[in-house]
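Here is the structure we will look at.
Note that ligands are numbered from 1 as they come in the structure, with each ligand's atoms numbered from 1 the same way.
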Amino acid sequence: MTSESSARPPLDTERLAGSNPDLPAGIAVEVVKETGSTNALLTTRAREGAPEWHVVVAEHQTAGRGRLDRVWHTPARTALTFSVLLRPVLPLASWPWLSLLTGRTVREVLAGSGYPAAVKWPNDVLLGEQKVAGILLERVETASGPAAVVGIGINVAMTREELPVPEATSLAVADPDRVPDRTGLLIAVLARLHRDYGAWQTGGETAAPQLADSYAAACATLGRRVRVQLPSGEVLTGTATGVDEYGRLVVGEQAVSVGDVVHVRLDSVT
Ligand code: BTN
């Protein structure tokens with residue numbers, strides 16, 4: 001065994017089998033050695049008729065996609081790169097909440113493992129001011145109606161040198177003594193997402209305000225001075241005061257549905 005394979009073990013496919021009682025019933029995990037993007041592969045599966053809770057996880061994702069047309073780069077076996085197929089019954093106007101909910105779910109799991117994680121709107125998961133996980137939700141039209149492909153990338157074992165940008169971190173860089181094994185972390189995120197998604201889908205009218213409250217509690221953006229790069233190229237600055245009923249970030253008088261948020265450090269405010 002090479003030092004790399006012992007330090008970076010493969011995912012344990014036996015623990016990811018449907019018979020594992022830690023995985024909620026109905027979750028089917030497909031492990032692939034290498035693929036361009038798990039979101040792209042799961043989109044194909046969705047169009048082929050895959051059911052809700054089909055999950056694709058890649059040991060090595062070679063052309064990972066990020067939000068706002070960015071790339072998501074992760075060396076083999078250093079990250080959790082996976083996508084979950086969901087078919088929400090709630091109206092499409094509510095779907096942005098699924099992306100916020102997933103960020104909160106990942107935050108909760110990392111916080112439960114002792115990491116001081118927080119969400120940056122809409123769904124980046126931060127340790128301090130550095131990004132440890134990202135989420136890309138894509139809508140797919142299928143023969144049985146629209147489906148959601150929820151892609152999650154968590155930087156687990158990357159060294160500082162392997163991180164793509166200085167604004168990124170990994171669980172190993174943040175705390176080398178506590179790095180969770182990727183299989184256990186994947187199971188924990190899927191189990192928690194199953195619970196949180198179920199509550200959102202079945203919660204009726206009380207679910208949305210409850211979700212908004214718990215999202216706000218997990219979100220480090222609220223109350224902060226922010227700079228938001230809008231898709232139009234316009235830059236909005238101000239204090240983020242809340243998240244509205246559609247999951248949009250409220251900055252001053254404006255509600256933003258898509259944008260790249262930077263938390264402005266107080267010492268850089270002029
Ligand atoms: C972001 O820009 O923050 C979103 C990053 C999402 C990356 C994940 S990795 C698994 C899934 N497959 C992809 O191609 N992207 C997502």
Mode of R70 contact toward ligand 1 - side chain, backbone, both, neither (heavy atoms, under 4.0 Å): neither
Heavy-atom nearest neighbour in the protein, as seen from atom 2 (O) of ligand 1, with distance rounded to 0.1 Å: R67 N, 2.7 Å
Whether W97 and Y215 hold their rings parallel, tilted or perpendicular, with breakpoints at 30° and 60°: perpendicular
Top protein contact for atom 5 (C) of ligand 1, by heavy-atom distance: W72 CE3, 3.4 Å
Contact atoms of ligand 1, heavy-atom distance to D124 under 4.0 Å: 3 (O)
Qualifying residue, where the test is side-chain contact (heavy atoms from CB on, under 4.5 Å) with V106 and the options are I154, V132, L185: I154
For atom 9 (S) of ligand 1, the protein heavy atom that lies nearest, with its residue and separation: Q61 NE2, 3.4 Å
Minimal non-hydrogen separation, A255 against D244, with atom names: CB-OD2, 3.8 Å
Shortest non-hydrogen contact between R182 and L11, atoms and distance: NH2-N, 3.6 Å
Numbered atoms and elements of ligand 1 in range of G64, under 4.0 angstrom, heavy atoms: 14 (O)
Proximity of A63 to ligand 1 by residue part, where a heavy atom lies under 4.0 Å: neither
Ligand-side contact atoms (ligand 1) for residue partner S37, heavy atom cut-off under 4.0 Å: 12 (N), 13 (C), 14 (O)
Closest protein heavy atom to atom 15 (N) of ligand 1, given as residue, atom name and distance to 0.1 Å: R65 O, 2.7 Å
Between Y246 and W95, ring centroids under 6.0 Å: no
Atom indices of ligand 1 within 4.0 angstrom of T38 heavy atoms, with elements: 10 (C), 11 (C), 12 (N)
Structural part of I135 in contact with ligand 1, heavy atom criterion under 4.0 angstrom: backbone
Electrostatic pair E141:R47 at N-O distance under 4.0 angstrom: no
Under 3.5 Å donor-acceptor, Q254 side chain and V251 backbone: no
Nearest protein heavy atom with distance in Å, relative to atom 3 (O) of ligand 1: K131 NZ, 2.5 Å
Per-atom contacts of ligand 1 with G153, taking only distances under 4.0 Å to non-hydrogen atoms: 8 (C), 9 (S)
Matching residue for R15 among D22, D181, N20 - test: side chain to side chain donor-acceptor pair (under 3.5 Å): D181
Carboxylate-amine/guanidinium proximity below 4.0 Å for E167 and R70: no
Any N/O pair T81/ligand 1 closer than 3.5 Å: no
